[in-house]
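To keep things clear, I will list the structure first and then write my remarks on it.
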Amino acid sequence: MALLEIENLSVNYGAIQAVRGVSLSVEEGEIVTLIGANGAGKTTTLRAVSRMLRAREGSVRFAGQDLGRLPPDEAVRLGVAQSPEGRQVLARQSVQDNLELGAYTRRNAAEIRADIEQQYVRFPRLKERRNQMAGTLSGGEQQMLAIARALMSRPRLLLLDEPSLGLAPIIVLEIFSIIRELNAQGVTMLLVEQNAKLAMQNSHRTYVMEAGQVTFSGPSEQMVSDERVLHAYLGGQ
Ligand code: ATP
């Protein structure tokens with residue numbers, strides 16, 4: 001049984017059909033990448049899994065449980081955390097406060113403190129800036145904070161939306177090295193990325209979305225040299 005099983009998912013925004021009949025799965029221990037042009041429905045798919053959006057049709061099962069109509073905080077309690085696109089940290093709160101907020105579903109204060117320290121070991125730059133307002137961090141630091149905050153719920157599945165968006169190439173490599181490290185430590189991930197090549201080089205399997213639908217999928221090492229992916233997303237390189 002896959003850790004995440006999405007079947008025939010459709011999501012609308014009013015009359016707009018953003019996601020149409022998407023089926024995909026993520027096995028425990030995998031990094032799965034979702035690529036596709038702007039507006040293909042990638043973010044919408046992630047937000048349906050984290051329950052921030054309600055599906056019009058289809059099912060989302062996590063660890064055998066139907067997320068159905070559960071509210072987002074129940075999904076977090078079950079082990080699903082989303083690291084949102086770009087700079088969606090709480091700008092007027094400190095780094096430390098943002099991390100504490102990431103643990104909002106947990107109760108054990110000592111464990112939460114220990115996990116914050118663990119995030120500071122993983123992200124030393126956040127430690128140096130623990131009292132700084134999150135909105136004044138650099139783009140890369142804010143991305144690190146978004147990931148660290150998501151990890152504060154101790155997720156089994158991390159949904160990562162565009163972790164490299166707007167970052168300098170060297171910082172992008174740093175973020176991907178953190179992604180690999182987290183995966184080696186047992187975190188399963190569903191990753192949405194514009195940087196298709198790098199995402200495929202750092203994931204087990206890839207799904208391609210076009211106009212709200214999954215058009216093809218396969219092991220990332222095959223997809224990265226697939227003619228259709230090369231032409232559509234890698235500029236034929
Ligand atoms: P990008 O790579 O540009 O982030 P995406 O593949 O993540 O794109 P989505 O953000 O899921 O795409 O958007 C899918 C479609 O749904 C787009 O046509 C978009 O305009 C539309 N859409 C997204 N959010 C809303 C919203 N809040 N209200 C109305 N339409 C929306």
Side-chain angles (χ1 to χ4, degrees), residues 4-26 31-60 62 67 69 71-72 75 80-89 139-140 142-147 149-150 157-169 171-172 175-176 179 189-203 205-218 220 223-224 226 228-237:
L4 177 70
E5 192 88 55
I6 301 177
E7 265 183 286
N8 197 29
L9 178 75
S10 295
V11 185
N12 281 25
Y13 296 104
I16 300 170
Q17 272 199 294
V19 170
R20 300 185 284 163
V22 163
S23 295
L24 67 84
S25 64
V26 182
I31 301 179
V32 171
T33 296
L34 209 47
I35 60 172
N38 288 124
K42 307 178 298 293
T43 298
T44 303
T45 301
L46 286 194
R47 301 188 80 220
V49 174
S50 59
R51 311 301 305 152
M52 315 246 245
L53 285 175
R54 191 178 282 191
R56 188 174 62 83
E57 238 185 296
S59 68
V60 177
F62 174 72
L67 295 187
R69 296 187 176 278
V80 179
Q82 180 155 4
S83 173
E85 191 170 355
R87 311 187 174 203
Q88 294 180 28
V89 291
Q142 288 187 27
Q143 189 58 58
M144 288 175 197
L145 179 57
I147 296 172
R149 187 179 61 177
L157 175 68
L158 180 61
L159 307 168
L160 276 170
D161 199 355
E162 306 274 12
S164 78
L165 194 73
L167 303 184
I171 310 293
V172 173
I175 296 281
F176 271 91
I179 288 172
M189 288 181 239
L190 180 56
L191 167 71
V192 165
E193 252 299 329
Q194 291 289 337
N195 196 332
K197 193 172 187 179
L198 197 57
M200 286 187 276
Q201 285 167 340
N202 286 284
S203 62
R205 288 188 302 115
T206 295
Y207 288 85
V208 177
M209 279 186 82
E210 285 168 26
Q213 296 179 300
V214 169
T215 44
F216 45 103
S217 62
S220 298
M223 297 289 276
V224 79
D226 188 299
R228 296 165 296 185
V229 177
L230 281 174
H231 285 288
Y233 302 106
L234 304 176
Q237 301 153 20

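Counting starts at 1 for both ligands and their atoms, in listed order.
From F176, atom CZ reaches atom CG of N195 across 6.0 Å, with rounding to the nearest 0.5 Å. Rounded to the nearest 0.5 angstrom, Q213 CD and L9 CG are separated by 12.0 Å.
With hydrogens and angles ignored, the 3.5 Å screen pairs no side-chain donor or acceptor of K42 with any backbone N or O of M209. A donor-acceptor pair is defined here as one N or O able to donate and one able to accept, closer than 3.5 Å; no such pair exists between the side chain of S83 and the backbone of L160.
For T44 and Y13, the side-chain atoms include at least one donor-acceptor pair closer than 3.5 Å. Between the side chains of E193 and S164, at least one donor N or O sits under 3.5 Å from an acceptor N or O.
Using a 4.0 Å heavy-atom criterion, the residues that approach ligand 1 are Y13, I16, A18, A37, N38, G39, A40, G41, K42, T43, T44, E162, Q194.
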